[in-house]
Amino acid sequence: MTQPGQPAPQPSYPNASQQAPNQQYQQQGSAYPGQQAPQQQASQQMMGWPPQRQQEAPRAPQATNGATAAPQQVPVQRPERLTNAELAEARELLGGITRAYQRKVVGQDRLRESLLIALMTGGHILLESVPGLAKTTAAHALAEAVDASFKRIQCTPDLLPSDIVGTQIYDATQNAFTTQLGPVHANFVLLDEINRSSAKTQSAMLEAMQEKQTTIGGTVYELPSPFLVMATQNPIEQEGTYVLPEAQLDRFMLKDVLDYPTPVEEAEVLRRIDGGVFDESSEAVASLDDVRRLQRLTKRVYLDASITEYLVGISYVTRHAGQYLPPELARLVEVGASPRASINFSKAARALALLNGRDHVIPDDIRRLSHRILRHRVILGYEADAQGITPEDIIDAMFQAVRTP
């Protein structure tokens, strides 16, 4: 077995007739850490997971409580592959939304991509950037493009949970309490500077983000569909802020870090301001029914078993960094990614494939999403900050430890 602190041994393929790992995955099925693949003999095991396979590969670290038995296989029906007509339909819808977005937002193409991924999957986004980089404009432009309701909440230390979720107000004329729904009951919700709100107020968003509902006075109120939360935080101003706990960070599908526009893009912003482009009202180019249709199509994008092994292997490496990274990097990792990372990888990769006009996911989709999915899930210690090592550096090293199918 590979010792902690040592990189995993690399297999060799002496001739072209020997099968590559991704071909073996497809023929032999899945093999998770320390357990047999379905319909596979016990002698055929993956190595400590992920992903590199050898003739006599050691198993992953075994749990002492006997919890490594293969789970019961539940019959599932794979969705039908997308047809060419459905791909064309998605391409037309996404093209119209993109053009409407780009009329109001100059540059920020990765932000557009992240917003569309979240919209197509029902996920949420955490954005980190200095003020003035069009975060509010981007969210509002996308909401207008799909005829969705939009609410912006400016977070402050005295913001109460009822200010977000809603509350019950006594109506003297009727001698009864009436419910006033809060601004979270909208399709697009922008939580500006979420780290300025107290921990109690931040936790009020957990039920809304995960369960798509709120509870006021013992009554459950469903949130509209689609529902997307885009939260922002300012990395350069820490006074009077409350750090988001890991449990809440994990609720966000993506965390994106925005950068300044190029000089050419900034000049184009000024040109459009002079031309009154941002003052014009925009007509919707799609409906909420179209968005729900896109969400259904996204779920039918094909995800091969070898890609599933790949993304699960990446999550496994984040939790066992000592077995795959050099010691000087492995000791910096305090907490790895939860299973939500694998779930969100599969959802976001399907959406990214559809955005690129494909009916199937490829490994490049996983790599392109790596920072956005993992940078808020791989927790580093203070030593990494002192050495100037970022989560992105560790994530890139982890991807190099995993064989690409």
Applying the side chain to side chain contact (heavy atoms under 4.5 Å, CB included) criterion to [X], which one of [options] satisfies it?
X: Val361; options: Leu311, Asp304, Val301, Leu352; value: Val301
X: Ser149; options: Leu288, Val189, Asn187; value: Asn187
X: Arg358; options: Leu355, Ile362, Leu354; value: Ile362

Do Thr178 and Asp171 meet the criterion of a side-chain donor-acceptor pair at a distance under 3.5 Å?
no

Would you please say whether a donor-acceptor pair under 3.5 Å links the side chains of Arg377 and Thr318?
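Result is no, nothing qualifies.
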
Side chains of [X] and [Y], heavy atoms from C-beta outward: is any pair under 4.5 Å?
X: Leu244; Y: Leu126; value: yes
X: Phe399; Y: Ile366; value: yes
X: Thr98; Y: Leu116; value: yes
X: His124; Y: Phe227; value: yes
X: Ile307; Y: Pro405; value: yes
X: Leu325; Y: Met398; value: yes
X: Leu94; Y: Met120; value: yes
X: Leu303; Y: Phe345; value: no

First locate atom [atom1] of [X], then atom [atom2] of [Y], and finally report the distance between them rounded to the nearest 0.5 Å.
X: Tyr310; Y: Arg367; atom1: OH; atom2: CZ; result: 4.5 Å
X: Glu144; Y: Ile97; atom1: CD; atom2: CD1; result: 13.0 Å
X: Leu142; Y: Leu115; atom1: CG; atom2: CG; result: 5.5 Å
X: Arg340; Y: Asp250; atom1: CZ; atom2: CG; result: 4.5 Å
X: Asp256; Y: Met230; atom1: CG; atom2: CE; result: 10.5 Å
X: Lys347; Y: Lys299; atom1: NZ; atom2: NZ; result: 7.5 Å

[X] atom [atom1]: more than 12 heavy-atom contacts under 6.0 Å:
X: Asn84; atom1: CG; result: no
X: Tyr382; atom1: OH; result: no
X: Lys200; atom1: NZ; result: no
X: Glu266; atom1: CD; result: no
X: Gln210; atom1: CD; result: yes
X: Asp109; atom1: CG; result: yes
X: Tyr260; atom1: OH; result: no

Using the rule given for side-chain contact (heavy atoms from CB on, under 4.5 Å), can you reason through Arg81 versus Glu86, listing the C-alpha separation, both sets of side-chain angles and the distance that settles it, and then say yes or no?
CA-CA 10 Å; Arg81 295 285 292 268; Glu86 290 170 329; over 6 Å; no

Determine, step by step, whether His320 and Tyr324 satisfy the ring pair (Phe, Tyr, Trp, His ring centres under 6.0 Å) criterion, reporting the C-alpha distance in whole Å, the side-chain angles of both residues, the deciding distance to 0.1 Å, and the verdict.
CA-CA 7 Å; His320 302 86; Tyr324 298 94; 7.8 Å; no

Would you name the heavy atoms of [X] and [Y] that are closest together and state the gap between them?
X: Val291; Y: Pro226; result: CG1-CG, 3.7 Å
X: Ala353; Y: Asp365; result: CB-OD2, 3.8 Å
X: Ala384; Y: Leu332; result: N-CD2, 3.8 Å
X: Leu329; Y: Ala397; result: CD1-CB, 4.0 Å
X: Arg251; Y: Met209; result: CB-CE, 3.8 Å
X: Pro183; Y: Asp163; result: CD-O, 3.2 Å

Quick one: which of Lys104, Arg103, Arg272 gives a salt bridge (charged side-chain N to carboxylate O under 4.0 Å, His left out) with Glu280?
Arg103

Does [X] use its side chain to pair, donor to acceptor, with the backbone of [Y] at less than 3.5 Å?
X: Glu193; Y: Thr156; value: no
X: Arg375; Y: Lys255; value: yes
X: Glu265; Y: Thr262; value: yes
X: Glu80; Y: Arg300; value: no
X: Gln180; Y: Ile169; value: no
X: His140; Y: Thr136; value: no

Please assess Arg112 against Val105 for the test side-chain contact (heavy atoms from CB on, under 4.5 Å), listing each intermediate value before the final yes or no.
CA-CA 9 Å; Arg112 171 188 58 82; Val105 181; over 6 Å; no

Output all residues satisfying salt bridge (Lys or Arg N to Asp or Glu O under 4.0 Å) with Lys151, sequence neighbours left out; order by chain, then residue number.
none

Show the numbers, then the answer: is there a salt bridge (Lys or Arg N to Asp or Glu O under 4.0 Å) between Arg293 and Asp290?
CA-CA 5 Å; Arg293 170 68 171 162; Asp290 291 330; over 6 Å; no

When you check the gap from the basic side-chain N to the acidic O, do Asp274 and Arg271 get nearer than 4.0 Å?
no

Test Ile125 against Val229 for side-chain contact (heavy atoms from CB on, under 4.5 Å), laying out the working first.
CA-CA 6 Å; Ile125 311 175; Val229 173; over 6 Å; no

Begin from the C-alpha positions of Thr214 and Tyr221 and carry the test side-chain contact (heavy atoms from CB on, under 4.5 Å) through to its verdict.
CA-CA 5 Å; Thr214 61; Tyr221 295 90; 3.8 Å; yes

